Amino acid sequence: MNGDLRDLHQEILDLGTQGMVMNMGPQHPSTHGVLRLILTLDGEEVMACEPVIGYLHRGLEKMAERRPYRHFLPFTDRLDYVCSLANNLACAQAIERLAGIEVPDRAQWIRVALMELNRIASHLLFLGTFGTDLGATTMLLYAFREREEALALLEAITGARLTYNWIRVGGLPDDMPENWDKGVLAFCDLLESRVGEYDRLLTDNPIFRRRTEGVGVIPAEDAIAYGLTGPTLRASGVEYDVRRWAPYEKYAEIDFDVVVLRDGDTFARYLARRLELEQSVRILRQVFDRMPEGPIASKVGKVLKAPPGIAFSQVESPRGELSFTMVSDGSPNPQRVHIRAPSFANLTVLADLVVGNKVADVVAILGSIDIVLGEVDR
Amino acid sequence: MGEVNPDLQSRVVKFPGGGVLVAGIDEIFNWARSNSMWSLTFGLSCCAIEMMATAASHYDLDRFGILFRATPRQADVMIVAGWVSVKMAPFIRRLYDQMPDPKHVLAMGGCACAGGPYRDSETIVKGVGEIVPVDVFVYGCPPRPENLIHGLILLQERIREESILGVRKREPITVQG
Ligand code: SF4
């Protein structure tokens with residue numbers, strides 16, 4: 001298909017005519033952030049796509065080098081701002097490994113609970129915005145109804161709605177508030193009773209399915225070659241989840257299914273996230289069954305200095321594999337920080353994926369990859 | 001029609017065809033404008049997520065007549081939600097220039113107000129006020145939806161004081177985070 005189109009493109013060029021160049025973004029209602037796509041069109045069909053990024057660039061990795069280790073943690077909130085806690089955790093883990101700091105059990109369990117609650121909030125945001133991208137604006141209202149409940153719980157423990165900054169090097173700054181676990185379990189029940197509504201609105205919606213099924217198929221080999229991770233990869237039939245393959249915190253002791261789908265199309269990418277909601281609920285229930293008593297942070301000195309060396313951490317964020325690499329030269333500041341942002345790797349597939357599709361499908365495909373520009377640009 | 005109050009002479013607008021509409025026109029226009037502030041769908045970063053949350057079911061900006069429009073030509077208010085990079089700045093200015101008058105700008109969050117946590121980054125503009133005139137600064141990182149709504153209500157009040165003839169007041173309002 002793509003080959004034929006390129007031939008056609010060549011024919012048009014030979015005729016002395018040219019395709020239409022259309023600019024999508026950086027201000028566009030359905031790009032998830034300020035992404036610019038330069039599309040070359042033949043009528044409705046996309047012949048070439050060139051993504052332009054960097055509209056949110058602020059030089060975070062460089063800024064990290066100018067700050068003591070712990071001072072960088074609040075900045076990680078603003079990487080992937082839809083799931084701040086995963087970024088906090090990845091950064092804190094890298095520092096902990098660099099400096100050889102142990103984290104108490106209770107803190108690890110609470111961290112797992114925070115991760116999953118944040119994952120639910122992030123996936124709900126995806127469901128809402130993805131529905132809106134395809135014209136199903138009602139979904140936004142339904143998804144945000146539950147998302148507000150999740151945010152209220154996160155706010156009860158961290159004090160913030162979006163930029164939590166609640167993971168510290170060596171543990172957590174404070175314990176769970178009273179009855180927080182009951183609140184989370186009640187929210188789990190509520191969410192389970194509501195996912196049926198999402199299915200009626202989107203999953204079983206014939207218009208939604210016709211817009212998404214068979215559109216933008218990523219075969220498994222391509223998905224691996226592009227370095228995709230997260231639900232985007234698992235929707236193509238590759239079973240790779242950091243929580244299972246390189247368990248961190250207490251994930252090794254938790255029983256959950258990795259959602260893997262076969263089709264690799266836009267619908268499968270949507271469904272993978274929708275099904276992960278239920279797995280997160282399952283994890284949350286286990287966490288509170290097994291929460292031990294004990295301290296929530298280990299002692300860390302006022303000035304945190306790490307011995308010279310290099311440390312690496314991996315976290316499964318709602319968008320995929322997020323990892324931090326930190327290099328220490330023994331001073332209070334890291335010598336070099338590298339962030340592997342899942343959205344950045346996932347975005348690389350877009351340019352080739354949209355070729356041959358209609359313009360309207362570009363929006364659907366882009367939405368289904370679920371990128372956050374804050375972490376693409378860093 | 002009665003006689004025209006001399007105080008209101010300056011506000012009389014002549015319509016083609018000879019009809020005269022007396023006084024109250026500011027009130028009518030301001031009533032309409034302040035209750036239908038259509039906002040540009042334009043999110044930059046984290047604060048945009050809170051802007052979406054404010055517009056969605058729980059906080060429901062529709063109550064105030066604030067709808068999000070996808071094109072600057074239909075927008076009255078631009079909510080700048082997020083940090084403004086040097087690369088993005090010309091686009092923001094162009095969007096602002098494309099909006100029809102009367103137009104207003106609300107800077108949401110520490111980043112849009114003054115550069116926020118990225119003040120020492122060389123790629124970040126230290127506040128959107130350097131590119132476009134700002135009417136309301138809403139601080140916070142991100143501001144709570146209540147704060148954003150507060151800022152928008154203050155902007156509505158300001159619009160109610162405007163005149164279609166006079167020059168608009170331009171000292172910005174500040175809402176603390
Ligand atoms: S003010 Fe804070 S939340 Fe808002 S865009 Fe800036 S960093 Fe993000």
Side-chain angles (χ1 to χ4, degrees), chain A residues 25-34 36 52-60 62-63 66-67 71-72 74-75 77-84 121-122 124-125 128-129 132 137-149 151-152 155 160-163 165 372-375 377-378, chain B residues 40-60 62 68-72 75 78 80-92 94-96 98 109-111 115-125 140-148 177:
Chain A
Q27 184 264 340
H28 185 273
S30 69
T31 54
H32 296 235
V34 278
R36 179 172 168 208
V52 183
I53 59 170
Y55 292 100
L56 287 182
H57 181 71
R58 60 226 119 115
L60 262 191
K62 194 74 198 161
M63 287 171 84
R66 296 201 292 252
R67 289 175 163 70
H71 291 201
F72 186 56
F75 286 90
D77 275 322
R78 283 119 186 123
L79 269 170
D80 177 354
Y81 31 79
V82 185
C83 61
S84 311
S122 166
L124 285 174
L125 183 95
T129 50
T132 318
T137 32
T138 325
M139 191 59 211
L140 185 81
L141 303 179
Y142 279 75
F144 268 70
R145 182 185 60 182
E146 274 75 70
R147 185 171 179 268
E148 285 296 329
E149 306 274 334
L151 291 194
E155 192 182 354
R161 280 169 51 88
L162 198 69
T163 45
N165 186 25
V372 169
L373 261 291
E375 97 179 333
D377 287 341
R378 299 195 285 281
Chain B
L40 181 63
T41 316
F42 178 47
L44 283 168
S45 47
C46 350
C47 279
I49 306 288
E50 279 299 77
M51 185 172 79
M52 274 164 64
T54 317
S57 30
H58 199 78
Y59 291 95
D60 192 13
D62 282 9
F68 284 92
R69 303 302 299 177
T71 154
M78 180 157 91
V80 183
W83 56 82
V84 180
S85 68
V86 175
K87 190 171 178 181
M88 193 64 208
F91 292 92
I92 293 182
R94 186 186 300 177
L95 286 169
Y96 178 80
Q98 285 176 343
C111 288
Y118 307 113
R119 261 193 95 80
D120 64 342
S121 165
E122 40 296 277
T123 62
I124 296 295
V125 177
C141 186
R144 293 187 58 85
E146 290 91 337
N147 268 9
L148 176 60

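Each chain gets a letter, A, B and so on, in the order the sequences are listed, and its residues count up from 1. Just so you know, these numbers come straight off a predicted model, no measurement behind them.
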Derivation of the side-chain contact (heavy atoms from CB on, under 4.5 Å) call for A/V52 and B/K87: CA-CA 11 Å; A/V52 183; B/K87 190 171 178 181; 3.8 Å; yes
Evaluate the criterion side-chain contact (heavy atoms from CB on, under 4.5 Å) for residue pair A/R67 and B/D120; output intermediate values, then yes/no. CA-CA 12 Å; A/R67 289 175 163 70; B/D120 64 342; 2.9 Å; yes
Decide yes or no on side-chain contact (heavy atoms from CB on, under 4.5 Å) for A/H57 and B/S85, but give the supporting numbers first. CA-CA 7 Å; A/H57 181 71; B/S85 68; 5.7 Å; no
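Side-chain contact between A/R78 and B/C141 is present, with at least one heavy-atom pair separated by less than 4.5 Å. Two residues are said to be in side-chain contact when any heavy atoms from C-beta on lie closer than 4.5 Å; B/L44 and A/Y55 fail this criterion.
Expressed to the nearest 0.5 Å, how far CE of B/M88 lies from CG of A/D377 amounts to 11.0 Å. Summarising the geometry, atom NE2 belonging to B/H58 is positioned 7.5 Å from atom CD belonging to A/E149; distances are rounded to the nearest 0.5 Å. Rounded to the nearest 0.5 angstrom, A/L79 CG and B/S45 OG are separated by 11.5 Å. Note that the CD atom of B/E50 and the CG atom of A/L151 stand 7.0 Å from one another [nearest 0.5 Å]. One distance of note links CD1 of B/I49 with CZ of A/R161; it measures 11.5 Å at 0.5 Å rounding.
For A/R58, the parts sitting under 4.5 Å from any heavy atom of chain B are the backbone and the side chain alike. Of the atoms belonging to B/A56, heavy atoms from both backbone and side chain fall under 4.5 Å from chain A. When heavy atoms are compared at a cutoff of 4.5 Å, B/L40 approaches chain A solely by way of its side chain, counted from C-beta outward. Contact annotation for B/Y59: only side-chain heavy atoms (C-beta onward) come within less than 4.5 Å of a heavy atom of chain A.
Scanning for side chain to side chain donor-acceptor pair (under 3.5 Å) contacts around B/R144 gives A/E155, B/E146, with sequence neighbours left out.
Taking each heavy atom of A/T163 and B/P142 in turn, the nearest pair found is OG1-CD, 3.3 Å. Residues A/G374 and B/W83 share a closest heavy-atom pair of CA-CZ2, 4.5 Å. The minimum heavy-atom distance linking A/L60 with B/Y118 is given by the pair CD2-CE2, 3.9 Å.
Crowding of A/R66 atom CZ: a count of heavy atoms from other residues, nucleotides or ligands under 6.0 Å exceeding 12. Residue A/Y142 qualifies as open at atom OH: its count of foreign heavy atoms under 6.0 Å is 12 or below.
The candidate from A/D80, A/L162, A/L125, A/V82 with the greatest count of non-hydrogen atom pairs under 4.5 Å with chain B is A/L162.
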